[in-house]
Amino acid sequence: LIVGSSGASPVYWSDREIHVLALPAGHLSGNARAVNDLGVIVGQTHTFEPPGFTVSHATVWEDGVPRVLPSLPGARITGATDLNERGQIVGFSAFTESGLLHAVLWEDGAVHDLGALEGDFFSGTDSINEAGQVIGLSSGGDGSQVLLWEDGGFAIPRPFTRFPNSYAGGINDRGEIAATIYLTTGECCSAVLAKGPDKRNVVVIQPSAFSVDVNNRGQVIGVDTSGPEYRGFVWGP
């Protein structure tokens, strides 16, 4: 299955045919972001509320039936970005006190604020693997930083402590992290893959590019920005 959007509709493709996913009652548009091996799909749907606000909701589809996930209190922007086979779902939701976004985890029907690095005002998730490791970023005045949530806490994984401006694209079940790092001069950028038990072995897989995701074979997809036209690429075995 492949999921995404077409116009204002969340959709999936199966056997080269496109299928429109139903929207929750009262919702006007949406997009699908991820699907697991059980065919459960997650994404985001939108409502319009006076006097002119668009409110976004994290949504899960099981057997084609949509269900809105809970948001952090008072949130107007919430979305789901990935899920695993255990039913853990990750995404983002507005953080009440600041009005900005925080990374969140949905588990057993409840939403959990995953937090951010001290002093940062934004965090978000990109991917979760079968071990429950969540990869994403935390961002503040000094740029963004790859962040890994696991075992109830979070940390900057090695070697991303050396790169003050970086963000993750995905994590596979081996714990390999596809990410993008920026040069200290602020120039764009290199697509990298962090490998090994402690993620110390970093391979620059493409300069002037950014990483989007990595699968369990270690293949990375990304976008090459070196030429006059951006081009997608696949790297790996």
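What you see is a predicted model; the values in this text were computed from it and never measured.
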Residues Val223, Arg231; criterion side chain to side chain contact (heavy atoms under 4.5 Å, CB included); working and verdict: CA-CA 6 Å; Val223 179; Arg231 294 181 177 272; over 6 Å; no
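- Closest approach of Trp149 to Ile135, counting heavy atoms only: CZ3-C, 4.2 Å.
- Checked options Val204, Val220, Ile205; the residue passing with Val192 is Val204 (criterion: side-chain contact (heavy atoms from CB on, under 4.5 Å)).
- A distance-only check finds a donor-acceptor pair linking the side chain of Arg86 to the backbone of Glu130 [under 3.5 Å].
- Side-chain contact of Asn165 with Ser144: a donor-acceptor pair under 3.5 Å is present, judged by distance alone.
- Annotation for Phe92 and Ile77: closest pair CE1-CG2, 4.0 Å, computed over non-hydrogen atoms.
- Between atom NE2 of residue His102 and atom OG of residue Ser93 there is a gap of 10.5 Å, rounded to the nearest 0.5 Å.
- For the side-chain contact (heavy atoms from CB on, under 4.5 Å) with Val11, the lone residue among Ile2, Ile41, Val20 that qualifies is Val20.
- Counting heavy atoms of neighbouring residues, nucleotides and ligands inside a 6.0 Å radius, atom CD of Glu49 exceeds 12 of them.
- Counted by atom type alone, Thr81 and Asp126 present zero donor-acceptor pairs between their side chains at under 3.5 Å.
- Using a distance-only test at 3.5 Å, with no hydrogens or angles considered, a donor-acceptor pair links the side chain of Gln145 to the main chain of Phe163.
- Around atom CZ of Phe48, more than 12 heavy atoms belonging to other residues, nucleotides or ligands sit under 6.0 Å away.
- Sparse packing is recorded around CZ of Arg217, with 12 or fewer heavy atoms of other residues, nucleotides or ligands lying under 6.0 Å away.
- Ile177 and Pro157 get closest at one heavy-atom pair: CD1-CG, 4.0 Å.
- Aromatic ring pairs are classed by plane angle as parallel below 30°, tilted from 30° to 60° and perpendicular above 60°; the pair Tyr167 and Tyr182 is tilted.
- Of the charged side-chain nitrogens involved, at least one lies within less than 4.0 Å of a carboxylate oxygen, so that Glu62 and Arg67 count as a salt-bridged pair.
- Taking the six-membered ring for Trp and the full ring otherwise, His27 and His57 have centroids separated by under 6.0 Å.
- Neither side chain, Ser226 nor Ser208, offers a donor N or O lying under 3.5 Å from an acceptor on the other.
- Within the 3.5 Å criterion, the main-chain N or O of Trp106 finds no donor-acceptor partner in the side chain of Gln88.
- There is no side-chain donor-acceptor pair under 3.5 Å between Asn216 and Asn172.
- Across every non-hydrogen atom of Cys189 and Ala209, the tightest pair is SG-O, 3.3 Å.
- Taking each heavy atom of Pro164 and Arg162 in turn, the nearest pair found is CD-O, 3.5 Å.
- Among all heavy-atom pairs drawn from Asp224 and Pro207, the shortest one is OD1-O, 4.4 Å.
- A donor-acceptor pair shorter than 3.5 Å can be found between the side chains of Thr78 and Ser71.
- In this structure, Asp213 contributes its side chain and Ile221 its backbone to no donor-acceptor pair below 3.5 Å.
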